[in-house]
Number of protein chains: 2
Amino acid sequence: MPGNERATHVTARTPTDAVRDIPEATVARLPVYLRALTALADGGTVSCSSEQLATAAGVNSAKLRKDLSYLGSYGTRGVGYDVEYLRYQIAREIGVTQDWPVVIVGIGNLGHALANFSGFRSRGFRVVALLDADHTLHEQQVAGIVVRPFDDLEQIVRENDVAIGVISVPAFAAQDVADRMVSAGISSILNFAPIVLTVPPGVDVRKVDLSIELQILAYHEQRKAHGEPV
Amino acid sequence: MPGNERATHVTARTPTDAVRDIPEATVARLPVYLRALTALADGGTVSCSSEQLATAAGVNSAKLRKDLSYLGSYGTRGVGYDVEYLRYQIAREIGVTQDWPVVIVGIGNLGHALANFSGFRSRGFRVVALLDADHTLHEQQVAGIVVRPFDDLEQIVRENDVAIGVISVPAFAAQDVADRMVSAGISSILNFAPIVLTVPPGVDVRKVDLSIELQILAYHEQRKAHGEPV
DNA sequence: TCCGTTTTGTTCTCGCGTTCACAAACTCCT
DNA sequence: AGGAGTTTGTGAACGCGAGAACAAAACGGA
C-alpha cells in the first residue's frame with residue numbers, strides 16, 4: 001500500500017535525532033516477517049535464506065532484503081539469516097519485545113472475539129481492560145477479564161500506562177470513544193467501527209473495515225465475470 | 001500487484017476490452033466514498049461539493065476528484081455532485097447494486113461476530129451459509145442461520161453461485177479451507193487467519209490481521225516515546 | 001447577453017516504493 | 001591457499017500515486 005493512507009501518522013522528529021526512519025510500506029511488512037520467522041523457528045529451522053523467508057512471507061526476495069537492509073545488516077553473505085537472531089532484531093525494531101497494555105472498548109460480538117483472540121498475548125500485547133457503556137455487561141467476565149464501565153477509562157489508562165486502544169463499538173459511538181481515549185492519553189487507536197475518525201495530530205489511527213475489504217473483492221470479482229465469459 | 005500487496009490480483013484482459021482500469025489505490029477508496037455518500041443521503045443532503053465529500057471521507061478534495069474522474073464525469077462544474085446519482089454510480093462500479101452471496105467458514109468467536117455483522121446485508125452482501133468442521137456446532141443457529149458441515153461447501157457454492165468466501169478458522173486450518181474453496185469455485189477470499197495463503201492465479205485474497213495492525217501501531221508508538229521525552 | 005463566481009476535471013511535477021542487477025563477502029572444496 | 005559457488009546488501013532505473021495548480025464549464029445577476 002503506497003504511503004499507506006490508512007494510518008494518520010504524524011511524528012515530531014528533532015534534527016539531532018538520527019534514528020533511521022523506516023519506510024511505512026516496510027513497517028507494514030515487518031510483522032509479516034516476524035510471524036514467518038516465528039513459524040520457521042517453531043518448525044526447528046535455525047537458519048534461512050532470503051528466498052526461503054520471502055516465500056514464507058509471501059513477498060519476493062529482493063523486497064525482503066531491501067526491507068531488512070533498513071534495519072541493519074543482520075545476515076551473512078553466502079549463508080543467510082540466523083532465524084532466532086533476526087526474529088529478535090525485528091521484534092526489537094517493532095517494539096514488541098515487551099508487552100504493550102491495550103484496552104478494548106465495546107464488548108459486543110466483535111469485542112468478545114477480540115478479547116478471546118489468543119494472538120494478543122503471544123504477539124506482544126496484553127489486554128488490561130474491557131470497557132462498555134452498557135451496564136448490563138458490567139461484572140460479567142469475558143475471556144477471564146471482567147467488563148468495566150466506560151467511565152473507568154481515564155483511571156485505567158493512567159494506572160496501566162496504556163497507549164493503545166481498540167474501538168469495537170457501533171459507528172455512531174466511535175467518535176466519542178475516540179475523543180475520550182485521546183483525552184485520556186491514548187495515542188494509538190485501532191478502529192473497527194465503519195466511520196472515519198477525526199483525531200488530533202500525533203495520534204495514530206488504523207482502521208479495519210470488513211465491508212470495505214469485501215467491496216474491494218466484489219469489484220475485482222465483477223471484473224472477472226465481465227471481462228471474460230466463462 | 002504494485003499498488004496493494006494485500007490483494008493477489010490477476011486479471012486476464014482481452015485487447016479489445018476497453019474497460020477503463022481503475023488504479024488499485026482508487027478502488028480501495030471507492031467504498032469509503034460510497035459510505036460517506038450514504039451517510040450524506042441519510043442526513044437529507046441532496047447535493048454536495050468535492051470538498052464536502054472529501055472531508056466526510058477523510059481525504060483531500062483533489063484526490064477525491066481525481067478518483068471520481070476514473071469513473072467518468074458525474075459532477076457538474078460550478079455546482080457539485082448529486083448525492084444519490086453519484087452514490088449509485090459508485091455502487092455500480094464496485095458491483096454492489098445487487099447482493100453478492102457469501103459463505104463464512106469457521107464459526108468461532110470471530111465467525112459469530114461476522115455472522116452477526118449487520119453491514120453485510122446493507123452493503124451489498126448476503127450470507128448464504130455458515131460452515132464449520134466441528135459437528136457439535138451443526139444444527140445450531142447463529143444470526144438466524146443454521147451452521148452446516150464444512151463438507152457441504154461444494155454443494156452450497158454450486159447452488160448459490162458463490163464467488164466470495166470468508167475464512168475465520170484457526171491458522172493451521174486456513175490453507176486447507178482456502179484450497180477447498182478454490183476448487184469449489186470461489187475466486188475471492190477474505191482471510192482472517194494469521195497466515196499467508198497460497199492460491200492459484202486468478203484468485204483474489206485479502207487479509208485482515210489484527211496483530212499486524214497492532215504491531216504497526218506499536219512501532220509508531222515506540223518511536224513517539226523514544227523520539228521526544230514527554 | 002455578458003461577466004464574475006464557483007466548482008469540476010485534468011495536466012504536470014514530485015516523491016515513494018518496487019524491482020533489477022551486480023559488487024561484496026562468506027563458505028566449501030580441492 | 002585459491003577458486004568456484006552462494007547469498008546478502010545496495011545503487012540505479014522505473015512506474016505509480018499524491019498533491020498542486022489551472023483550464024473548462026456551469027450558474028446567477030445585472
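All chains are named by letter (A, B, ...) in the order of the sequence lines, taking the proteins before the strands, and each is independently numbered beginning at 1. These numbers come from the heavy atoms of this one structure, side chains and all, not from hydrogens, waters or symmetry mates.
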*Indicate the atoms forming the closest heavy-atom contact of B:Pro31 with B:Ala28, along with that distance.*
CD-O, 3.7 Å
_A:Tyr74 OH - C:dA25 P separation (whole Å)_ = 19 Å
*Go through the side-chain N and O atoms of A:Arg92 and A:Tyr88 and say whether any donor and acceptor fall under 3.5 Å apart.*
no
*Within less than 4.0 Å of OP1 or OP2 of D:dG9, is there a side-chain N or O belonging to A:Tyr81?*
yes
*Just checking, is any N or O donor in the side chain of B:Thr26 or B:Asp67 under 3.5 Å from an acceptor N or O on the other one?*
yes
*What do the steps show when you test A:Thr38 against A:Arg123 for side-chain hydrogen bond (donor to acceptor under 3.5 Å, both in side chains), and what is the final call?*
CA-CA 10 Å; A:Thr38 303; A:Arg123 299 196 200 287; 5.6 Å; no
*Under the 3.5 Å rule, do the base of D:dG9 and the side chain of A:Arg77 count as making a donor-acceptor pair?*
no
*Heavy atom of residues 43-56 of chain A under 4.0 Å from DNA chain D: which residues?*
A:Ser49, A:Ser50
_Using OP1 and OP2 only, check whether a side-chain N or O of B:Asn60 sits under 4.0 Å from D:dA18._
no
_Residue A:Pro23, side-chain heavy atoms: nucleotide from C:dG17, C:dT18, D:dA18 that is nearest_ = C:dG17
*asked:* Out of the candidates B:Val105, B:Leu197, B:Val177, only one should pair with B:Ile189 under the side-chain contact (heavy atoms from CB on, under 4.5 Å) rule; please name it.
replied: B:Leu197
*Among C:dT27, D:dA26, D:dG9, which nucleotide sits nearest the side chain of A:Ser69?*
D:dG9
*Can you tell which of C:dG17, C:dT10, D:dA18 lies closest to the side chain of B:Arg65?*
C:dT10
*Please confirm whether the backbone N or O of B:Gly95 pairs with a side-chain atom of B:Trp100, one donor and one acceptor, at under 3.5 Å?*
yes
*asked:* Of the options C:dT27, D:dC27, C:dC20, whose atoms approach the side-chain atoms of B:Val79 most closely?
replied: D:dC27
*Using only heavy-atom distances, decide whether a donor-acceptor pair under 3.5 angstrom links the side-chain of A:Lys66 to the base of D:dG9.*
no
